[in-house]
There are 2 protein chains.
Amino acid sequence: MPAPKRGRRPGQNETRQAVLEAARARFATDGFTATTIRRIAADAGVDAALVMQFYKSKDELFGAVMSVPPEALDRMTEAWKGPADGIGERVAQAFLEVWERDPRTSAPLLAMLRGTIARDQAAGHMRDFIEARLMRGAAAHLRDDHDTRLRIGVAAAMLVGIIVARCVVQVPTVADESLETIAATAGAALQELLTPTEQSSGTGRQPAS
Amino acid sequence: MPAPKRGRRPGQNETRQAVLEAARARFATDGFTATTIRRIAADAGVDAALVMQFYKSKDELFGAVMSVPPEALDRMTEAWKGPADGIGERVAQAFLEVWERDPRTSAPLLAMLRGTIARDQAAGHMRDFIEARLMRGAAAHLRDDHDTRLRIGVAAAMLVGIIVARCVVQVPTVADESLETIAATAGAALQELLTPTEQSSGTGRQPAS
DNA sequence: CGCTAATATCAACACGTGTTGAGATTTTCG
DNA sequence: CGAAAATCTCAACACGTGTTGATATTAGCG
């Protein structure tokens, strides 16, 4: 293979965008520390030094990737507006759609989230723990149908989310409160989740579309 | 086979424990990749090579740290048992106590959780995003008292927890379900959280002790 | 054309990493 | 005691990292 041509290449300038997209994908897949400049450069088909020339440092590149489109924020904010009736599902639906469904919004958001997670074996540990310990232990004391298992899983995920918010990310309003206050607040929500009322039970139920 | 105790007896096996505790603290503080063998060794006051002699590799050391005391599992499992009335708060309380209150159980659990989180700037990004974007956007459409703000924070934490369980850790039962099913299930719980019924409102409320 | 600025590659630096082998020191036991 | 084994330190290896300076090639413009 002949030596790759040096110097500026003819035609339109798409390289900057390619680097950014490669970085976004890598950060979202491997996390921040595990992602290397050289790998991003290889994905984009350029030299590592060029990446450093576009963005002064790895941190700045990461910052450029983190830009969340305002559309996502708007869609999530809108869901809070409206009648109190059905606000729970409305917010959950909007939240999940923005984070999972639409690639244009989920890409940077997941990059941010997964960027904080080391793609080490620890994620596997976490999964095993939640599945085998938390959920299996809970299912032993409850009914063992599909719907109940799902509800336990969602409850476990919610609880872990609270721990993350309090102990790891340390979101002020949530982290500042006492354990008892949080337990009381979250407990009421979990109560509805674990002992569903009539109108919100059933597995394959379709949401009001 | 009779155990021929040859060689030096661990008369003072304090070093092994010191290494393990240093590793636990470091993993919990800095995460897995950011934690170095040399730093652990320095914390324990020994050479890095000794750490590698006790535990064959960094992965094995991490695995040794991850050992969750069965007491923690039992306490969390017990909470699911009992009457359906108050199961939500009972589970939440037990969960939070094990993860936050008791250092003997919270240390390895937080090490596992934080071990997966890179202590980079990304955690700060995450905090800013949750606080400034999610919570502030929601508060604009709701009342602005302390209790409401807390409930929004808990709701946001729960939602992020679900995303983590689905997209990052990929807990089977939760990740396999459709977006709509998850939204409907979680939505019902959030509904109770955001539009509280009479008996579960109020901030400084004491749980039934 | 010539000039400047933007692209792009290359080689290398300084550093930190996990890991290893040799060897010193201390303890235990036959 | 003397041998064996465990504990512990030291020095170094091989490697990958982010980052930098020099340099080559091209685009745009007067």
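Keep in mind that what you see is a predicted model, and the values were worked out from it rather than measured. Every chain is numbered from 1 and lettered A, B, ... according to where its sequence line falls, protein lines coming before strand lines.
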Next on the checklist: Can you confirm whether B:I162 sits close enough to A:W99 that some side-chain heavy atom of one is under 4.5 Å from a side-chain heavy atom of the other?
Outcome noted: no
Rounded distance (Å) that lies between atom [atom2] of [N] and atom [atom1] of [X]:
X     : N      : atom1 : atom2 : value
A:D59 : D:dT17 : CG    : P     : 16 Å
B:F32 : C:dT17 : CZ    : P     : 13 Å
A:Y55 : C:dA8  : OH    : P     : 12 Å
B:F54 : C:dG18 : CZ    : P     : 18 Å
B:L50 : C:dT19 : CG    : P     : 15 Å
B:Q17 : D:dT7  : CD    : P     : 14 Å
A:K58 : D:dT17 : NZ    : P     : 9 Å
A:E60 : D:dT19 : CD    : C1'   : 14 Å

I want to verify a distance call: between [options], whose nearest atom is closest to the [X] side chain?
X     : options               : result
A:D47 : D:dT19, C:dT9, C:dT19 : C:dT9
A:V46 : C:dT9, D:dT9, C:dG18  : C:dT9
B:T36 : C:dT17, C:dT7, D:dT20 : C:dT17
A:Q53 : D:dG18, D:dT9, C:dT7  : C:dT7
A:S57 : C:dG18, D:dT19, C:dT9 : D:dT19
A:M52 : D:dT20, C:dG18, D:dT9 : D:dT20

Checklist entry - So which of B:V98, B:L96, B:D102 actually passes side chain to side chain contact (heavy atoms under 4.5 Å, CB included) with B:E100? => result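 The passing option is B:L96.
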Checklist entry - Looking only at heavy atoms, what is the nearest atom pair of A:A155 and A:L194, with distance? => result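 Shortest heavy-atom separation between A:A155 and A:L194 comes out as CB-CD2, 4.2 Å.
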Checklist entry - Which heavy-atom pair separates B:V154 from A:V174 by the least distance, and what is that distance? => result N-CG2, 4.0 Å
Next on the checklist: Can you tell me if B:T15 touches the phosphate of D:dC8, counting only side-chain N or O atoms and a distance under 4.0 Å to OP1 or OP2?
Outcome noted: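 For D:dC8, OP1/OP2 do have a side-chain N/O of B:T15 under 4.0 Å.
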Next on the checklist: Please determine whether a side-chain nitrogen or oxygen atom of B:R16 lies at a distance below 4.0 Å from atom OP1 or OP2 of D:dT7.
Outcome noted: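 For D:dT7, OP1/OP2 do have a side-chain N/O of B:R16 under 4.0 Å.
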Checklist entry - If you pin A:I37 and B:A49 to their nearest nucleotides in DNA chain D, which one's is more 5'? => result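 Upstream on the strand: B:A49.
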Next on the checklist: Under 3.5 Å, is there any donor-acceptor pair linking the side chain of B:R38 to the base of C:dG18?
Outcome noted: yes
Next on the checklist: Regarding A:R24 and A:E21, does a basic nitrogen lie under 4.0 Å from an acidic carboxylate oxygen?
Outcome noted: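 Looking at A:R24 and A:E21, the cut-off is not met.
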